[in-house]
Number of protein chains: 2
Amino acid sequence: MGMTIQEASRKSGLSAHTLRYYERIGLIHAVDRNMNGHRSYTEPDLSWLDFLTRLRSTGMPIADMCRYAELRRQGPETFATRRRLLEVHRERVRAQISQLTGDLEVLDHKIDFYNAQENE
Amino acid sequence: MGMTIQEASRKSGLSAHTLRYYERIGLIHAVDRNMNGHRSYTEPDLSWLDFLTRLRSTGMPIADMCRYAELRRQGPETFATRRRLLEVHRERVRAQISQLTGDLEVLDHKIDFYNAQENE
DNA sequence: GTTTGACTTCGAGTGCGCTCTAAGGCGCAA
DNA sequence: TTGCGCCTTAGAGCGCACTCGAAGTCAAAC
């Protein structure tokens, strides 16, 4: 029924090493095991991994992700706390995008400059 | 005339340690020295540092920046190579922005979800 | 004249996020 | 029954980009 760590790795884009590491540090809570002690990942596990990957790719530090994961484990009464945490993070993501957008413009100008020099 | 490492640090946003480090690894070429051997940064040095900071903040690895700095030192005959290098990098930056934009949307939905739960 | 403080060099240390290694278990195929 | 392949664990190692420490120089302040 569940999937092996290799399948979870393929679907999540995280290495098997990383999946075990995430579990060890508490980002993922005790994945199910099958008869021979092998991990068995469920669809909800995968969705959670995908969300974690979003947090990571937006630059959230692992420690903050652990904090969020801990809140999630505590259930619905932490909804408001989680929301605030994400709102703060969202601001950082917006700032990142606007920084990158500015940087991109500088790159554009530099490339234009080189093009102008080459065509003269 | 030039500015001290502290002034350069303040203006560039990089620590004095980092400025020396960048020089050591060849990102900045032999900054001028005053009578007592202290570094003396010029305006062109600062502009270069600002550009380097753009490359860094867009995620270019130090090694690639060194390569670019080396090409720059070789003069105008490397314009085309530098342009191509920046064009490749620009694509990565665009990809980053689009990734972040997608991530931001996921965050928005999650926050909306929490808001909905709280208001029920 | 000595103390302060900003600078110098070089090499070592740090923090982060993995990433890998070693040693071992289990189930199946030849 | 021996090998293969995938899994397990705990802990060590790595790559990157700094960041810091130690030891020393020098100019100005007291």
Side-chain angles (χ1 to χ4, degrees), chain A residues 1-42 45 49-69 89 92 96 99 103, chain B residues 1-42 45 48-70 89 92 96 99 103:
Chain A
M1 357 165 338
M3 52 199 117
T4 69
I5 197 164
Q6 284 313 325
E7 289 164 333
S9 167
R10 194 180 46 74
K11 287 205 184 183
S12 67
L14 297 164
S15 76
H17 282 305
T18 299
L19 288 175
R20 291 191 204 98
Y21 164 68
Y22 276 8
E23 187 173 344
R24 195 176 356 163
I25 64 175
L27 273 184
I28 323 171
H29 191 60
V31 173
D32 290 350
R33 301 301 176 112
N34 64 18
M35 41 292 168
N36 48 27
H38 291 190
R39 287 175 180 78
S40 176
Y41 291 84
T42 62
D45 288 336
L49 279 170
D50 285 348
F51 186 66
L52 286 179
T53 298
R54 295 286 182 177
L55 296 182
R56 273 303 296 135
S57 79
T58 48
M60 182 181 283
I62 295 278
D64 292 8
M65 289 166 60
C66 285
R67 163 112 180 97
Y68 183 85
H89 184 60
R92 285 191 296 250
Q96 274 184 72
Q99 169 75 48
D103 294 342
Chain B
M1 341 177 352
M3 52 200 118
T4 68
I5 197 164
Q6 284 312 323
E7 290 165 332
S9 166
R10 194 180 46 75
K11 288 205 185 184
S12 68
L14 298 165
S15 76
H17 282 303
T18 300
L19 288 175
R20 292 192 203 98
Y21 164 67
Y22 275 10
E23 187 174 342
R24 194 177 356 164
I25 64 176
L27 273 183
I28 323 171
H29 191 59
V31 173
D32 290 350
R33 301 303 176 111
N34 64 17
M35 39 292 168
N36 48 28
H38 291 190
R39 288 175 180 78
S40 176
Y41 291 84
T42 63
D45 287 338
W48 173 234
L49 278 171
D50 285 348
F51 185 66
L52 286 178
T53 299
R54 296 285 181 177
L55 296 182
R56 273 305 294 136
S57 79
T58 47
M60 183 182 283
I62 295 278
D64 292 8
M65 289 167 59
C66 286
R67 164 110 180 96
Y68 183 85
E70 171 60 24
H89 184 58
R92 285 190 296 250
Q96 273 184 70
Q99 169 75 48
D103 295 342

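Between A:R39 and D:dC7 there is no side-chain N or O to OP1 or OP2 distance below 4.0 Å. Taking only side-chain nitrogens and oxygens, A:Q6 comes nearer than 4.0 Å to OP1 or OP2 of D:dC7.
In this structure, CG on A:N34 lies 11.0 Å from CZ on A:R39, to the nearest 0.5 angstrom. Between atom OH of residue B:Y41 and atom CG of residue B:L19 there is a gap of 4.5 Å, rounded to the nearest 0.5 Å. Within the model, atoms CD1 of B:I28 and CG of B:L49 stand 4.5 Å from one another, a figure rounded to the nearest 0.5 Å.
Heavy atoms of other residues, nucleotides or ligands lying less than 6.0 angstrom from CZ of A:R67 number 12 at most.
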Just distance, no hydrogens or angles: give the donor-acceptor pairs under 3.5 Å from side chains in residues 4-15 of chain A, sequence neighbours left out.
from	atom 1	to	atom 2	distance (Å)
A:T4	OG1	A:Q6	N	3.3
A:T4	OG1	A:E7	N	3.2
A:E7	OE1	A:T4	N	2.9
A:S9	OG	A:L14	O	2.7
A:S12	OG	A:A8	O	2.7
A:S12	OG	A:S9	O	3.4
A:S12	OG	A:L14	N	3.1
A:S15	OG	A:H17	N	3.4
A:S15	OG	A:T18	N	2.9
A:S15	OG	A:T18	OG1	2.9

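Atom-to-atom, CE of A:M3 to C1' of D:dC6 comes out at 18 Å; the value is rounded to the nearest Å. Atom P of nucleotide D:dC7 and atom CE of A:M35 are separated by 12 Å, given to the nearest angstrom.
For B:Y68, the side-chain hydrogen bond (donor to acceptor under 3.5 Å, both in side chains) partners two or more places apart in sequence, or in a different chain, are A:Y114.
Shown are B:E23, B:H38, B:R20; of these, the side-chain contact (heavy atoms from CB on, under 4.5 Å) with B:V31 is made only by B:E23.
Between B:I62 and B:Y22, the closest side-chain pair of non-hydrogen atoms falls below 4.5 Å.
Of all non-hydrogen atoms in B:G26 and B:A69, the two that sit nearest each other are O-CB, 3.8 Å.
Comparing the helix axis at one end of the helix from C:dG1-D:dC30 to C:dA30-D:dT1 with that at the other, each defined from 5 consecutive pairs, gives an inter-axis angle of 30° (nearest 10°).
You can see that DNA chain C meets the heavy atoms of chain B within a 4.0 Å-exclusive cut from C:dC7 to C:dG11, reading 5' to 3'.
Residue pairs that meet the salt bridge (charged side-chain N to carboxylate O under 4.0 Å, His left out) test with at least one member in residues 50-64 of chain B, sequence neighbours left out, are A:D103-B:R54.
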- Note on the structure: With B for base contact, S for sugar-phosphate-only contact and - for none (protein heavy atoms under 4.0 Å), nucleotides 13-29 of chain D reads ----BBBB------S--
